[in-house]
Amino acid sequence: MSGIGPSGIILIVLIALLLFGPSKLPELGKAFGRTLREFKNGANDLINEPKESQASHVGVTYEDTGQLKKEHSQGRMG
């Protein structure tokens, strides 16, 4: 079960051609490619974002998180 084979891709292209017509397919392909590129860039930004920047989104510095972990492990929270 490796996914869609060549015959499946051909069938999808034929159905898209019948539904949208030959003039709309390039426009739909560009829009789909643009959407995938934006999604990929956004996902990469989240993955590659520095830890210090991630902590600042919630109003806590990276140093504070270390102190909170230490206090939690010692049972001094609150």
Side-chain angles (χ1 to χ4, degrees):
M1 297 200 192
S2 62
I4 299 175
S7 60
I9 293 173
I10 292 171
L11 181 64
I12 291 172
V13 169
L14 287 175
I15 291 172
L17 186 61
L18 289 173
L19 288 176
F20 300 109
S23 61
K24 284 281 190 181
L25 281 184
E27 184 180 322
L28 289 172
K30 287 179 188 177
F32 183 69
R34 218 176 299 124
T35 301
L36 284 179
R37 185 173 50 247
E38 288 177 15
F39 179 78
K40 184 179 175 183
N41 289 340
N44 285 337
D45 287 346
L46 288 175
I47 291 170
N48 296 328
E49 191 173 88
K51 289 185 179 184
E52 203 164 306
S53 178
Q54 290 174 355
S56 69
H57 287 306
V58 293
V60 178
T61 64
Y62 188 63
E63 291 78 24
D64 290 340
T65 58
Q67 182 64 28
L68 290 171
K69 287 179 185 177
K70 183 178 175 183
E71 289 176 7
H72 180 69
S73 66
Q74 295 173 350
R76 296 188 308 178
M77 290 297 293

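Residue numbers start at 1 and run along the sequence shown. Here the structure is a predicted model, which means the values were calculated and not measured. Values reported hereafter were calculated over all heavy atoms of this structure, with side chains retained and with hydrogens, waters and symmetry mates removed.
Under the 4.5 Å side-chain heavy-atom criterion for Ile, Leu, Val, Met, Phe, Trp and Tyr, Leu18 and Leu28 are members of distinct hydrophobic clusters. Linking ILVMFWY side-chain heavy atoms closer than 4.5 Å, directly or via other members, places Phe39 and Phe32 in two distinct hydrophobic clusters.
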Ile10 and Leu14: CA distance, side-chain angles, deciding distance, side-chain contact (heavy atoms from CB on, under 4.5 Å) verdict: CA-CA 6 Å; Ile10 292 171; Leu14 287 175; 4.1 Å; yes
Leu11 and Ile4: CA distance, side-chain angles, deciding distance, side-chain contact (heavy atoms from CB on, under 4.5 Å) verdict: CA-CA 10 Å; Leu11 181 64; Ile4 299 175; over 6 Å; no
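The CG atom of Asn41 sits 11.0 Å away from the CG atom of Leu36 when rounded to the nearest 0.5 Å. The distance from atom CZ of Arg34 to atom CZ of Arg37, rounded to the nearest 0.5 Å, is 7.0 Å.
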